[in-house]
Amino acid sequence: MSESVTTKSEKKHFTTKEIVLTAMFAAIIAVCSWISIPAGEISFTLQTFAIFCALNILGGRNAFFSVLVFIFLGAVGLPVFTGFKGGVGVLVGPTGGYILGFLFMPLVYWLGTILLGSKLPVRIILMLAGLIVCYLFGTLWFVYGFSKTGNEMSFRHAMEICVIPFAPFDLLKLVFAVIITEKVRKMLKL
């Protein structure tokens, strides 16, 4: 299935196995959002770890739908976001851009694997590229959202408080996610 998940991006229908795994990873992302350490406006969570795992097991298309389901569940009010929060208010708030930015991670991965293939080094680079796009989108959203409240916030300062403290940990999460999911892929012959 490793090739089937990453190279069947042209197909239109989901298999039952893909639906189950997609739903399962939406739940895993939610659980990983609850595992958090408060650090000011943004908490340290395991959400990116769960998304990296979804990418490496499901591929870009199905991981995209896992993230989309996770965001939809939170938007309708289920407490799936960090701090057991839910609702549209979380998404339109200053930090909501990072949650919405999670959608870019599988999109970058999906497009990249279509164009560049799905060898492990390519997948790792695409995960990193998706994370950077997520950071960029989330930081721009944070600056805009913070500025709407009448306060000053520069892009640089937003990067200093919203990205730089988290980037090393996200890189570690990427490494651990790849190590774990590569073993899972081999064991389950995915």
Student: Measure across I28 and A50 and return the closest heavy-atom pair with its distance rounded to 0.1 Å.
Tutor: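 That would be CG2-CB, 3.9 Å.
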Student: Side chains of S33 and F84: closer than 4.5 Å at any heavy-atom pair?
Tutor: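 Answer no - side chains too far apart.
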Student: What is the distance from atom CG of L103 to atom OG of S66, rounded to the nearest 0.5 Å?
Tutor: 11.0 Å
Student: State, with a plain yes or no, whether a side-chain heavy atom of V31 is found less than 4.5 Å away from one of W34.
Tutor: yes
Student: State yes or no: do L140 and V90 share one hydrophobic cluster built from I, L, V, M, F, W and Y residues joined by side-chain heavy-atom distances below 4.5 Å, directly or via other members?
Tutor: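 They do share one cluster, since a chain of ILVMFWY contacts under 4.5 Å joins L140 to V90.
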Student: Just checking F49 against F176, ring centres under 6.0 Å apart?
Tutor: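 No, too far apart.
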Student: Would you give the length of the straight line joining atom CZ of F104 to atom SG of C134, rounded to the nearest 0.5 angstrom?
Tutor: 8.5 Å
Student: Determine, using ring centers only, whether W141 and Y98 are less than 6.0 Å apart.
Tutor: no
Student: If you round to the nearest 0.5 Å, how far is CZ of F81 from CD1 of I29?
Tutor: 11.0 Å
Student: Could you check whether any side-chain heavy atom of I161 comes within less than 4.5 Å of a side-chain heavy atom of M153, counting everything from C-beta outward?
Tutor: yes
Student: Determine whether E182 and L120 make a side-chain contact, defined as any pair of heavy atoms from C-beta on separated by less than 4.5 Å.
Tutor: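 Yes. Closest side-chain heavy atoms under 4.5 Å.
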Student: Answer yes or no: does atom CZ of F169 have more than 12 heavy-atom neighbours from other residues, nucleotides or ligands under 6.0 Å?
Tutor: no
Student: Would you check, one step at a time, whether the test side chain to side chain contact (heavy atoms under 4.5 Å, CB included) holds for N62 with I19?
Tutor: CA-CA 8 Å; N62 294 342; I19 292 169; over 6 Å; no
Student: So do the side chains of Y109 and N56 get within less than 4.5 Å of each other, counting heavy atoms only?
Tutor: yes
Student: Let me confirm one number: the CD1-CZ distance from I51 to F70, rounded to the nearest 0.5 Å.
Tutor: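 Atom-to-atom, I51:CD1 and F70:CZ are 7.0 Å apart.
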Student: Would V143 and H157 count as a side chain to side chain contact (heavy atoms under 4.5 Å, CB included) if you check the C-alpha gap in whole Å, the side-chain angles of each, and the deciding distance to 0.1 Å?
Tutor: CA-CA 9 Å; V143 169; H157 185 59; over 6 Å; no
Student: Would you kindly confirm whether I124 and L171 end up in one hydrophobic cluster when ILVMFWY residues are joined by side chain heavy atoms under 4.5 Å apart?
Tutor: yes
Student: With sequence neighbours excluded, tell me which residues meet ring-ring contact (aromatic ring centres under 6.0 Å, His included) with F102.
Tutor: none
Student: Would a single hydrophobic cluster contain both L136 and V133, if residues Ile, Leu, Val, Met, Phe, Trp and Tyr are joined by side-chain heavy-atom contacts under 4.5 Å?
Tutor: yes
Student: State whether the side chain of K173 and the backbone N or O of T45 hold a donor-acceptor pair below 3.5 Å, judged by distance alone.
Tutor: yes
Student: Would you say V67 and M105 make side-chain contact, with heavy atoms under 4.5 Å?
Tutor: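 No - every pair of side-chain heavy atoms lies 4.5 Å or more apart.
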Student: Look at atom CD1 of I164 and say whether more than 12 heavy atoms of other residues, nucleotides or ligands are closer to it than 6.0 Å.
Tutor: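 Counting neighbours around CD1 of I164, more than 12 heavy atoms of other residues, nucleotides or ligands fall under 6.0 Å, so yes.
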Student: Are any of the side-chain nitrogens in E160 or R156 under 4.0 Å away from the carboxylate oxygens of its partner?
Tutor: yes
Student: Determine yes or no for a side-chain-to-main-chain donor-acceptor pair under 3.5 angstrom, with T181 supplying the side chain and V184 the backbone.
Tutor: no
Student: Measuring from atom CG of L21 to atom OG1 of T15, what distance do you get when rounded to the nearest 0.5 angstrom?
Tutor: 8.0 Å
Student: Is there a side-chain contact between T82 and I99 (heavy atoms, below 4.5 Å)?
Tutor: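 Not in contact.
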Student: Could you go step by step and tell me if I71 and L91 meet the side chain to side chain contact (heavy atoms under 4.5 Å, CB included) rule?
Tutor: CA-CA 9 Å; I71 291 172; L91 295 174; 4.0 Å; yes
Student: Quick one: does P106's side chain get under 4.5 Å of L55's, heavy atoms only?
Tutor: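 Result yes, sub-4.5 Å side-chain heavy-atom pair found.
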Student: When hydrophobic residues are tied together by side-chain contacts of less than 4.5 Å, even through go-betweens, does Y144 share a cluster with F142?
Tutor: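 No, Y144 and F142 fall in different hydrophobic clusters.
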Student: So among L131, T139, I132, which one has a side-chain contact (heavy atoms from CB on, under 4.5 Å) with V163?
Tutor: T139
Student: Against the six-membered ring of F14, is R61 placed for a cation-pi contact (under 6.0 Å from the centre, within 45° of the normal)?
Tutor: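 Pair R61/F14 counts as cation-pi.
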Student: Determine, using the 4.5 Å side-chain heavy-atom cutoff (strictly less than), whether I125 and M127 are members of one ILVMFWY cluster.
Tutor: no
Student: Is F72 atom CZ crowded by more than 12 heavy atoms from other residues, nucleotides or ligands, each under 6.0 Å away?
Tutor: no
Student: How close do V122 and G117 get, counting heavy atoms only, and between which atoms?
Tutor: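 Scanning both residues completely, I find the closest heavy atoms to be CG1-O, 3.4 Å.
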Student: Determine, step by step, whether F52 and V178 satisfy the side chain to side chain contact (heavy atoms under 4.5 Å, CB included) criterion, reporting the C-alpha distance in whole Å, the side-chain angles of both residues, the deciding distance to 0.1 Å, and the verdict.
Tutor: CA-CA 7 Å; F52 292 140; V178 169; over 6 Å; no
Student: Go through the structure and list residues passing ring-ring contact (aromatic ring centres under 6.0 Å, His included) with Y135, not counting sequence neighbours.
Tutor: none
Student: Measure the spacing between CD1 of I35 and CG of L46 and express it to the nearest 0.5 Å.
Tutor: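 Here the rounded value is 5.0 Å.
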